[in-house]
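Numbered from 1 within each chain, the chains take letters A, B, ... in sequence-line order. Being a predicted model, the structure only gives us computed values, none of them experimental.
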Amino acid sequence: MSDLTSRTDVPTTSTGRRVPDKVGLEGLEESWSQRWAELGTYTFDRTRSREEIYSIDTPPPTVSGSLHVGHVFSYTHTDVVARYRRMRGAEVFYPMGWDDNGLPTERRVQNYYGVRCDPSLPYDPDFTPPHEGTDGKTIKASDQVPISRRNFVELCERLTVEDERQFEALWRRLGLSVDWSMTYQTISAEARAVAQQAFLRNLERGEAYQAEAPGLWDVTFQTAVAQAELEARDYPGAFHRVAFHGADGPVHIETTRPELLPACVALIAHPDDERYQHLFGTTVTTPLFGVEVPVLAHPAAEPDKGAGIAMCCTFGDLTDVQWWRELQLPTRSVVQRDGRLLRETPEWITSPEGRERFAALAGKTTFSAREAVVAGLRETGDLDGEPTPTQRKANFYEKGDKPLEIVTSRQWYIRNGGRDEELRTALLERGTELGFHPEFMRVRYANWVGGLNGDWLISRQRFFGVPFPVWYALDADGEPNYDEPLRPTEDQLPVDPSSDVPAGYTADQRGVPGGFIGDPDIMDTWATSSLTPQIAGGWRSDPDLFARVFPMDLRPQGQDIIRTWLFSTVVRAHLEHGSLPWSDAAISGWILDPDRKKMSKSKGNVVTPMGLLEEHGSDAVRYWAASARLGTDAAFEIGQMKIGRRLAIKVLNASKFVLSFGSADEEPSLDPALVTVPLDQAMLAGLAEVVEQATAALESYDHTRALELTETFFWTFCDDYVELVKDRAYGEGAGAASARAALSLALDVLLRLLAPVLPFATEEVWSWWREGSVHRAPWPTSEPLRAAAGDASFATVTAAGAALAALRKVKSEAKVTMRTEILAARLEVPAAQLASVEATVDDVRAAGRAVGTLEVVAADVEQAVAVDVELGESVKRGA
RNA sequence: GGGCGAUUGGCUCAGUGGUAGAGCGCCUCGUUCACACCGAGGAGGUCACUGGUUCGAACCCAGUAUCGCCCACCA
């Protein structure tokens, strides 16, 4: 049994043939995926050295998300690479991860079990959820039972087991050559420990820091949002022309956010703007609220925008933040974290009328506050004209549906070059060291890094996720000391500061003066996902393994997450290891539906991947995926899968035929010395060329070109070469032996060339006549083929094929069966092909049933043509 | 506004300086001896547009248009 796991570095001696009478694709996925599992065909051998290993940082799919054909598409690309590298002799490290961290899982667990995470609660080891599997029904927040973070994580792990099973079943059926004993989960204790350890080291080196600063905030999810998660969307708004009161009369500004009037801290115009020179240095008062604010000059003000003079509020947009910071303006925030205005009138509004105005707005949403402010401005006559509707761009959290507000909060950041020229340059340099496939994806990295405007915000005010592993000492007044966080040691990780206690404290000191509190926040999912090489490679728990796989060779991923996953992984590896996380990145494109739109659930055209595999067969679906080059969007095309299916079936049938020659007890010979006939040598010469070109293509991550070359050769091999030699191969003697050896040699090579794309059909055929797995067989090289071919040229096969086609054409035009004999004919061939056709004329005769005289002459023709043909009696249908 | 990619037969895509290619679809025909999940033959394109370079351009250069995506733009 162990023979299938052993490497076949040299062609094994064949042990005869076990070709079934009937061949087909049905059932190959089940039987082979099971056998591969039993035999450990893809088991990773961790004794190999770094030089012998090819390691892949596979994207962990979000298990709570739905399975999508896009997954099948891009994971097939990776598997083709993995199988190729394995056959090239590398030990492939190809673990699968499950991403069960983050909002999608949080929501599912809430609904599935009817619970809600409350990190302030203690762990309950005997907790039983109130519901179990509520069939997608949403449980109202008020009905959800609050539980500790640890209980919540346990439920998550329980729920995702089922999701993972489904994914694994799909991947096995698709034929991913993953070592299934090596999977990881992004919410596992190990992943949490890795994320916390990496964070603590960042903290120690000063790469992670806390800051109280204005930042983008989602009022629905009530969490801070990072630059990478922004999405600019069109959002309807209106310009309001509003009068401020100056000493010399009104000063008009235009704003889309009149509700921020109470948060106004200054009016700002460009220093060169002549219209406002006389106002610089003076003050004006805000309408309605009567707050005195200065008129200031700043170059970021654009004279041709709006009125040319802007109202600076804390905070309406990122320009406000810039002005606030650079002009050292006061902070007068009125929008709270829930998206509503302050409930109490702020102290900077002093006039009784202003305080009354604000009191009427207190606690309102920004939307109703805006209506109220506009009504007020109308009343006082400070609204000049009517609001003009406009379509503006606003920043949204990619999962949210309300525009982001800017609020001040204490957050954790990791330095990513966003405010540090030296680090930015270093990270841009890393980008140039990384091999992007395709190359043009590189600019997306450079654009993103070049456009960063701040460090990486990694803290989230959510409940489910990896907690920050720090506590803060409370002083005698109960105020936390944020400057010196209390840290665990690395061997204590993972910790949950909401239930674990820092060294030197006892549990009853939590939250009391002189005691401590835990950091309430969790890390952004990218803070964990950016460490997949470290998690999968055993950075923390298995340094021996890590040394053998890191830095990894390949990161396959989608183009949409270059700015997030790819970049953040580069940042973490750069900071922790001073290296790239991998040498190459393979970027897959989108799947487009027939309307050329990205396939999505909302379009209602989602096809379940398992259904696709069941209907068309895995090899067929893989063929479709492998036909699309990296970085190129591909159409979801059933037709392409049918072509793949046809190819897989042809592989089975042609192989069966090739293996049928010779007597049953005779072993197919792979002896190149037997190949003596020019046509056979010419075919092998062509195959040698294909091997070289396909190998070069795969080395440069161009699996599509490799497949195309192989496939084209394979069809020519079947349609022309096999047809030409089959009569001879049926016979006896040196000619027959030559044909049979050439057929076997070609089959042996073609199966290996096709194995990465069609793992099931090729393995099935391999099992008929060879030992071991084709997927552990060595990738073919051209040398043995060239040795057998001598100086023969594939042009001979082309010429003979063209001659055969000319004979077929006569019969096709005469509408007779191909078995009709040709009693006499003259073949006119291009002069350059004359020698080739003459050398192969016996095979051409046999294949064309040219039993009588066949004269071959050179003529001024572009392609071989048969003239003066005398056909024998047509074999009619049913005759 | 800046950038990246795409634009080739009805469809999906190759082709990156030397007389337009493949597969699917279509048309005609054939077939129990590997394969009807088959085979043979055939029709079908001024290579988005305009200009330039060149003996010669689908391919190089400049510009235009359309589509997709990334980034920026929130007064």
Side-chain angles (χ1 to χ4, degrees), chain A residues 19 22-26 230 232 235 237 239-240 242 253-257 260 267-269 300-302 305-313 316-320 323 390 392-395 403-404 438 440-444 446-448 450-451 453 559-560 562-563 589-590 592 594 596-598 616-617 620 624 627-629 631-640 642-643 645-661 704-705 708 711-712 715 718-719 722-723 726 730 804-805 807-820 862 874-878:
Chain A
V19 185
K22 281 214 159 179
V23 300
L25 297 174
E26 283 67 32
L230 299 185
Y235 191 69
F239 287 118
H240 302 75
V242 176
I253 59 104
E254 284 188 20
T255 180
T256 57
R257 307 273 323 256
L260 292 178
L267 294 192
I268 295 172
E302 295 178 35
K305 250 187 191 173
I309 186 163
M311 152 175 106
C312 174
C313 305
D317 61 32
L318 293 171
T319 316
D320 286 344
W323 286 330
T390 175
R392 63 195 189 109
K393 290 278 188 186
N395 278 324
L404 296 174
F440 66 75
M441 289 293 176
R442 183 186 302 284
V443 303
R444 299 199 180 195
N447 282 351
W448 177 252
N453 56 31
Q559 54 187 310
D560 51 330
I562 289 175
R563 66 175 178 170
W590 300 117
L592 304 177
R596 302 260 83 193
K597 300 282 182 209
K598 186 186 167 193
H616 304 283
W624 159 72
S627 303
R629 3 174 66 169
T632 302
D633 296 343
F636 176 75
E637 221 198 335
I638 299 288
Q640 197 67 12
K642 292 188 172 161
I643 296 163
R645 183 174 179 83
R646 197 176 70 127
L647 175 64
I649 292 168
K650 193 74 173 182
V651 166
L652 296 179
N653 281 312
S655 302
K656 177 184 164 197
F657 188 49
V658 163
L659 295 172
S660 71
F661 297 111
T704 308
R705 176 94 186 116
E708 186 189 321
E711 186 189 9
T712 302
W715 283 105
C718 291
D719 295 342
V722 173
E723 290 298 322
K726 68 183 182 186
Y730 275 126
L804 175 59
L807 298 180
R808 285 168 175 164
K809 183 170 180 174
V810 170
K811 297 181 196 177
S812 188
E813 284 175 348
K815 305 188 181 197
V816 297
T817 143
M818 289 297 139
R819 280 159 52 208
T820 305
E862 285 191 13
S874 169
V875 181
K876 278 294 176 196
R877 194 193 316 249

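- Nucleotides B:A14 and B:U7 are separated by 15 Å at their C1' atoms, to the nearest Å.
- One can place CZ of A:F440 at 17 Å from P of B:G68, the figure rounded to the nearest angstrom.
- For A:D719, the listed nucleotide lying nearest its side chain is B:G39; candidates were B:G41, B:G39, B:C4.
- Partners of A:Y235 according to the side chain to side chain contact (heavy atoms under 4.5 Å, CB included) rule, which considers only residues two or more places apart in sequence or in another chain, are A:R392, A:A394, A:F396, A:P403.
- If you measure from atom CG of A:D633 to atom P of B:C69, you get 9 Å, rounded to the nearest angstrom.
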Notebook entry, point to check: Could you go step by step and tell me if A:T256 and A:F239 meet the side-chain contact (heavy atoms from CB on, under 4.5 Å) rule?
Noted result: CA-CA 5 Å; A:T256 57; A:F239 287 118; 3.8 Å; yes

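- Taking the C1' atom of each, B:A20 and B:C13 are spaced 15 Å apart, rounded to whole Å.
- Counting any heavy atom pair closer than 4.0 Å across all strands shown, A:A446 reaches no nucleic acid atom.
- Applying the 4.0 Å criterion to OP1 and OP2 of B:G39, one finds that A:K650 has a side-chain N or O inside that range.
- In this structure, A:C312 and A:I268 approach most closely via the heavy-atom pair CB-CD1, 3.7 Å.
- Taking atom C1' on both B:G52 and B:G17, the two are 15 Å apart, rounded to the nearest angstrom.
- Note: CD (A:E708) to P (B:U12) measures 17 Å, nearest angstrom.
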Check: For A:H616 and A:W624, what are the C-alpha separation, side-chain angles and deciding distance, and is it a side-chain contact (heavy atoms from CB on, under 4.5 Å)?
Finding: CA-CA 11 Å; A:H616 304 283; A:W624 159 72; over 6 Å; no

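- Here the closest heavy-atom approach between residue A:D633 and residue A:W590 is recorded as OD1-N, 2.9 Å.
- How far NZ of A:K650 is from SG of A:C718: 5.5 Å, rounded to the nearest 0.5 Å.
- Closest to the side chain of A:R808, from the set B:C35, B:U32, B:G41, is B:G41.
- For the atom pair CG of A:L267 and CD1 of A:I309, the computed distance is 5.0 Å after rounding to the nearest 0.5 Å.
- B:U19 sits 32 Å from B:U64 when the P atoms are compared, rounded to a whole Å.
- Within the nucleic acid shown, A:M818 comes within 4.0 Å of sugar-phosphate atoms alone, with no base atom in reach, counting heavy atoms only.
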Contacts under 3.5 Å, N or O only, protein and nucleotides 15-18 of chain B:
unit_1, atom_1, unit_2, atom_2, d
B:G15, OP1, A:R629, NH2, 3.3

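- Note: CG (A:L804) to P (B:A40) measures 9 Å, nearest angstrom.
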Note to self: Could you go through A:L260 and A:T255, starting from their C-alpha distance and side-chain angles, then the distance that decides it, and tell me whether this counts as side-chain contact (heavy atoms from CB on, under 4.5 Å)?
What the structure shows: CA-CA 9 Å; A:L260 292 178; A:T255 180; over 6 Å; no

What pairs of nitrogen or oxygen atoms, one from the protein and one from nucleotides 24-28 of chain B, lie under 3.5 Å apart?
unit_1, atom_1, unit_2, atom_2, d
B:C24, OP1, A:R646, NH1, 3.3
B:C24, OP1, A:R646, NH2, 3.4
B:U28, O2', A:K815, NZ, 3.0

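- A:I643 meets the side chain to side chain contact (heavy atoms under 4.5 Å, CB included) test with A:Y623, A:Q640, A:E711; sequence neighbours excluded.
- Rounded to whole Å, the P atom of B:G15 lies 12 Å from the corresponding atom of B:C60.
- Note on A:S660: nothing from the nucleic acid sits closer than 4.0 angstrom, heavy atoms only.
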Next item on the list: Evaluate the side-chain contact (heavy atoms from CB on, under 4.5 Å) criterion for residues A:E723 and A:M818: first the C-alpha distance (whole Å), next the side-chain angles of each, then the deciding distance (0.1 Å), finally the verdict.
Entry: CA-CA 12 Å; A:E723 290 298 322; A:M818 289 297 139; over 6 Å; no

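- Here the nucleotide nearest the side chain of A:N653, chosen from B:C4, B:A34, B:G42, is B:A34.
- Comparing atom distances between the A:Q559 side chain and each of B:C35, B:G41, B:C69 picks out B:C69 as nearest.
- Across the protein-nucleic acid pair, A:E637 atom CD and B:G10 atom C1' stand 13 Å apart, rounded to whole Å.
- The residue among A:T632 and A:A307 whose nearest nucleotide of RNA chain B lies closer to the 5′ end is A:T632.
- Here A:D320 lies out of heavy-atom contact (under 4.0 Å) with every strand.
- Judged by distance alone, the side chain of A:K656 and the main-chain N or O of A:V23 form no donor-acceptor pair under 3.5 Å.
- For the pair A:E813 CD and B:G41 C1', the computed distance is 7 Å after rounding to whole Å.
- B:G45 and B:C38: their P atoms are spaced 28 Å apart (whole Å).
- A:R563 meets the side chain to side chain contact (heavy atoms under 4.5 Å, CB included) test with A:E398, A:W448; sequence neighbours excluded.
- Looking at heavy-atom distances under 4.0 Å, A:W715 makes contact with sugar-phosphate atoms alone, never a base.
- A straight line from CZ of A:R444 to C1' of B:G3 spans 10 Å, rounded to a whole angstrom.
- When all heavy atoms of A:A310 and A:W323 are compared, the closest pair comes out as CB-CH2, 3.9 Å.
- Distance, A:L592 CG to B:C11 C1': 15 Å, rounded to whole Å.
- Each of B:A40, B:A34, B:C13 was ranked by its minimum atom distance to the side chain of A:A635; first place goes to B:C13.
- Checking B:G41, B:C69, B:A34 against the side-chain heavy atoms of A:F657 singles out B:A34 as nearest.
- Put simply, the side chain of A:D320 gets close to the backbone of A:D317: a donor and an acceptor are under 3.5 Å apart.
- Residues A:S627 and A:T712 each lie close to RNA chain B; by heavy-atom proximity, the contact nearer the 5' end of the strand is made by A:S627.
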Under 3.5 Å, which protein N or O atoms sit close to an N or O of nucleotides 71-74 of chain B? Give each pair with its distance.
unit_1, atom_1, unit_2, atom_2, d
B:C71, OP1, A:R563, NE, 3.2
B:C71, OP1, A:R563, NH1, 2.3
B:C73, O3', A:K305, NZ, 3.0
B:C74, OP1, A:K305, NZ, 3.1
B:C74, O5', A:K305, NZ, 2.8
B:C74, O2', A:R392, NH1, 2.5
B:C74, O2, A:R392, NH1, 3.4
B:C74, N4, A:N395, ND2, 2.2

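- Nucleic acid contact for A:Y730: sugar-phosphate only, since backbone atoms but no base atoms lie under 4.0 Å from a heavy atom of the residue.
- If you take atom P in B:U53 and the same atom in B:C61, they sit 15 Å apart, rounded to whole Å.
- Straight-line distance between the C1' atoms of B:C59 and B:A6: roughly 15 Å, to the nearest whole Å.
- Between the CZ atom in A:R444 and the CG atom in A:D560 there is a gap of 9.0 Å [rounded to 0.5 Å].
- Within the nucleic acid shown, A:E862 has no heavy atom closer than 4.0 Å to any nucleic acid atom.
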